[in-house]
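Notes to accompany the following structure.
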Amino acid sequence: MLFFKKTNIAFLIALVVFLVVQTGYLYLSKNREKKEDWPAFGHDESNNKYSALDQVNTKNVANLQLAWKAEDDAEDRASVLFNPLIVNGIMYAFMPSEKLAAIDASTGKKIWEFKPDSTVVSTWTRGITFHHDKGQGADVLLFVYGSTLYSVRAADGKLNEAFGMKGRVDFYTGLSVEPSKRQAVHVTVNAPGVIYGDLFIVGCKVPDELPSTSGDIRAFNANTGKLEWVFHTIPQKGEFGSETWPADARKKNGGANCWGGMALDKKRGIVYVPTASPSFDFYGADREGQNLFANCLLALNAKTGKRIWHFQTTHHDLWDRDNGSPPNLLTVKHHGKDIDAVALATKLGYVFVFNRETGEPLFPIKEVPVPTKSDMPGEKPWPTQPFPQKPGPFARQGFKEEYITDQTPELNKYFKDQIKSNRYQTGIYDPPNLTGSIILPTAHGGSNWGGASLNPQTGVMFINSNDLPWFLKLTEIKGLDIHNDLSGKELFGMYCSGCHGADKKGTNYGPNIARKIGRLSVEKLDLFIKKGAEPMPSFKHLPQAQIDAIVSYLKGKPVSSEGQTEQAHKEPYGFSGYDFYKDTSDNFAIKPPYGTLNAIDLNKGEILWQVPLGEDEKLAKMGIKNSGIFNRGGGIATAGGLVFIAATVDGKFRAFEQKTGKILWSVELPGNGCSIPSTYAVNGKQYVTIGVSANPAKNFKGGYLTFALK
């Protein structure tokens with residue numbers, strides 16, 4: 001009897017051990033599968049761009065080498081921006097030819113392609129959202145191309161006909177744009193949305209100039225395409241915040257949209273939404289007031305779209321200080337307590353950190369008096385602006401005399417004389433005018449759409465930043481007619497060559513268009529100039545005669561505006577464009593570094609280190625090393641102690657050590673990697689991939705380069 005009791009006890013113990021081990025195995029397997037994927041733009045809903053993979057680490061990253069390359073095969077190519085998703089060994093990515101592709105993530109072999117059928121000028125949308133439709137038992141990919149929201153089956157690249165009208169939804173749905181105004185008010189999206197249950201929550205990109213529309217936040221049913229809720233970023237009459245606008249703001253103004261991406265707290269059911277400036281960006285006499293909910297971090301109920309809390313980072317924005325970086329969710333140690341927080345890096349070079357539930361700032365924020373005297377008719381700048389006291393700024397604040405380049409005594413004197421004789425304004429909150437201002441940080445940042453990566457184990461944020469000043473000057477629209485007699489070549493030199501080069505073959509700041517313009521019809525080229533394509537602004541404020549002349553020059557034949565839509569101007573002023581402040585020989589007005597990578601401890605609110613990011617080739621030849629350079633894109637952090645980032649216009653892909661900021665690995669890319677990397681594992685092997693734009697000079701058509709250990 002005793003024998004059987006002992007046997008039964010031993011059996012039960014063995015069974016319990018077996019079940020515990022098996023349960024643990026299943027748990028680890030489930031989490032290992034998640035760890036190996038990169039299933040969302042920011043890796044997951046927290047948007048931290050962090051991977052728990054550590055096979056590639058500080059000790060062996062120097063051994064990374066090219067594993068495979070997926071190059072496009074089309075001639076008409078766009079830039080590659082954002083990053084691909086990787087789920088269960090399959091990569092989902094937008095190619096430079098504007099096709100969505102599924103690629104074997106271990107070999108680079110293409111599995112299927114999908115070409116959107118929207119009849120629009122291409123946009124810079126590269127954001128894809130992965131969703132499992134439980135009703136169909138199928139995985140789908142949601143994305144916006146042009147002004148159409150698509151749902152495509154992940155298995156075969158076919159339209160998901162259960163969604164909307166056979167896989168498509170009109171992306172104007174739920175917005176206040178009359179059908180007759182759609183030609184003038186182009187709506188698309190830049191960053192992907194987030195999934196909460198069966199809701200697809202998404203922002204939009206609307207014109208920065210007038211006419212525009214309110215960039216309302218919307219939730220669509222991810223399975224059916226039905227519109228579920230709308231949050232009005234320019235409030236309707238009687239809604240909270242409506243008193244911060246003129247009475248007819250929703251009809252007359254626009255913007256306040258989310259184009260940089262969101263973060264989601266699934267447990268609490270809160271979506272965190274950063275919003276952009278109002279339209280028109282640089283003149284606000286027709287939108288007197290604080291202008292909620294432009295330039296805000298919004299916390300919305302993800303199920304209903306109701307506002308929980310908000311914080312406005314710039315009041316009555318006149319400087320294009322969009323919140324273009326997606327927020328990050330993390331848990332910080334604050335006054336001895338663990339606090340779930342949301343952090344937002346801004347174009348102005350500050351990081352705001354809030355209690356995720358209440359919106360209470362974790363570090364003091366002061367409302368500081370700023371200049372209110374404006375030379376512009378009717379303009380009433382807001383009297384104060386918010387400045388977080390910790391962390392300190394990671395970008396230089398205002399263009400101060402000590403920042404002026406000392407590359408040569410002559411250059412130093414030139415810029416000092418320019419600023420003094422022209423009476424340029426140089427403060428961060430000096431209102432724009434018709435004379436000119438030197439803006440620092442600029443509309444390019446500080447931080448921008450690449451956003452921050454963050455190690456949730458340490459609470460340290462890694463953020464790339466720009467420190468190049470920009471020249472901003474308002475212009476009277478009615479006065480632009482004086483240039484109508486200039487040739488198309490002269491007008492191209494005035495408005496376009498700074499980015500695209502006098503030979504149309506591109507610069508560090510704008511793409512090669514020499515081939516593309518030959519493939520665009522006159523009508524599409526006209527539309528492209530009027531709508532813009534981020535980071536290229538819209539030029540719809542130009543007289544049609546000047547647009548005709550530019551198109552005629554680009555196409556090499558006379559062009560008539562017959563059949564083309566004259567834009568309805570509803571604003572008295574335009575602006576000089578997104579031009580860096582340089583001399584006639586392209587020397588920057590500021591001392592290096594021009595771009596930096598920064599590590600910020602969000603537990604203590606302290607900058608740990610700041611290092612140059614990239615290198616200016618011109619300065620390097622003069623013996624000036626580690627200058628930093630303009631960057632567009634972002635980085636990722638890994639459990640291997642690394643930050644991977646390309647982003648720089650010097651065409652390098654680098655790995656930095658998280659603890660010190662030391663470069664441990666770099667490789668020259670065949671084109672600019674102005675995008676965000678992804679890292680993932682297949683069959684236990686870790687890969688790091690980066691999207692690279694086309695570079696005709698190196699005969700590279702654009703695509704994805706993926707690296708692994710030797």
Side-chain angles (χ1 to χ4, degrees), residues 282 396 398-426 432-444 466-475 479-480 482-483 485-514 535-537 539 542 546 549-550 553-554 574-595 614-624 627-632 649-650 697:
F282 307 107
R396 281 174 271 190
F399 190 68
K400 300 173 184 177
E401 186 170 309
E402 59 262 35
Y403 297 159
I404 296 177
T405 179
D406 56 5
Q407 185 176 320
T408 67
E410 292 78 15
L411 270 178
N412 184 271
K413 183 177 185 302
Y414 169 83
F415 286 114
K416 285 180 179 178
D417 290 347
Q418 279 270 308
I419 293 169
K420 183 177 180 180
S421 62
N422 292 303
R423 293 180 297 165
Y424 292 148
Q425 295 180 337
T426 58
N433 58 34
L434 296 170
T435 303
S437 302
I438 312 303
I439 305 294
L440 186 73
T442 73
H444 301 294
N466 286 302
D467 251 351
L468 286 170
W470 171 43
F471 180 73
L472 170 64
K473 181 179 179 180
L474 294 180
T475 57
L480 292 176
I482 64 172
H483 299 307
D485 292 334
L486 294 179
S487 69
K489 183 177 181 179
E490 290 171 318
L491 291 167
F492 181 86
M494 182 185 298
Y495 299 125
C496 314
S497 63
C499 287
H500 298 299
D503 58 1
K504 303 185 275 297
K505 293 184 179 180
T507 67
N508 280 341
Y509 312 105
N512 183 323
I513 59 171
M536 170 184 156
F539 285 90
L542 295 181
Q546 293 184 32
I550 293 171
Y553 166 66
L554 293 175
F575 75 110
S576 54
Y578 295 106
D579 296 324
F580 293 116
Y581 187 43
K582 302 182 289 186
D583 73 352
T584 54
S585 299
D586 284 341
N587 294 299
F588 291 121
I590 197 169
K591 296 175 183 175
Y594 301 150
E615 190 162 70
D616 185 286
E617 182 179 351
K618 183 176 181 179
L619 293 185
K621 289 179 179 178
M622 297 171 60
I624 302 173
S627 61
I629 195 62
F630 179 69
N631 50 89
R632 182 189 295 126
V649 295
D650 62 4

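Please read all numbers here as calculations on a predicted model, not as lab measurements.
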Just how far is it from atom [atom1] of [X] to atom [atom2] of [Y], taken to the nearest 0.5 Å?
X: D406; Y: I404; atom1: CG; atom2: CD1; value: 10.5 Å
X: N422; Y: S437; atom1: CG; atom2: OG; value: 11.5 Å
X: Q418; Y: R423; atom1: CD; atom2: CZ; value: 14.0 Å
X: Y403; Y: T426; atom1: OH; atom2: OG1; value: 10.5 Å
X: I629; Y: K618; atom1: CD1; atom2: NZ; value: 11.0 Å
X: K591; Y: R396; atom1: NZ; atom2: CZ; value: 9.0 Å

Heavy-atom donor-acceptor pair, [X] side chain to [Y] backbone, under 3.5 Å:
X: S627; Y: D616; answer: yes
X: N466; Y: N631; answer: yes
X: D650; Y: E615; answer: yes

Side chain to side chain contact (heavy atoms under 4.5 Å, CB included) between T405 and N587, intermediate numbers included
CA-CA 9 Å; T405 179; N587 294 299; over 6 Å; no
Hey, what's the ring geometry for [X] with [Y], parallel, tilted or perpendicular (30° and 60° as the breaks)?
X: F580; Y: H444; answer: tilted
X: Y424; Y: F471; answer: perpendicular
X: F399; Y: Y581; answer: perpendicular

Can you sort out the partners of T435 under side-chain contact (heavy atoms from CB on, under 4.5 Å), two or more places apart, ordered by chain and number?
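Partners of T435 under the side-chain contact (heavy atoms from CB on, under 4.5 Å) test: N433.
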At their closest point, which heavy atom of [X] faces which heavy atom of [Y], and how far apart are they?
X: D583; Y: Y414; answer: CB-CE2, 3.5 Å
X: P593; Y: D467; answer: O-CB, 3.5 Å
X: P432; Y: F282; answer: CG-O, 3.9 Å
X: L542; Y: I550; answer: CD1-CD1, 4.4 Å

Hey, mind stepping through Q407 and L619 against side chain to side chain contact (heavy atoms under 4.5 Å, CB included) and telling me if it holds?
CA-CA 9 Å; Q407 185 176 320; L619 293 185; 3.5 Å; yes
Decide if atom CG of D485 counts as having more than 12 heavy atoms of other residues, nucleotides or ligands within a radius under 6.0 Å.
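Atom CG in D485 is not crowded, with 12 or fewer foreign heavy atoms closer than 6.0 Å.
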Any side-chain heavy-atom pair from Y578 and W470 closer than 4.5 angstrom?
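Yes - at least one pair of side-chain heavy atoms lies under 4.5 Å apart.
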Run F539 and L491 through side chain to side chain contact (heavy atoms under 4.5 Å, CB included) and show every step you take.
CA-CA 12 Å; F539 285 90; L491 291 167; over 6 Å; no
Carefully, step by step, assess L468 and I590 under the rule side chain to side chain contact (heavy atoms under 4.5 Å, CB included).
CA-CA 7 Å; L468 286 170; I590 197 169; 4.1 Å; yes
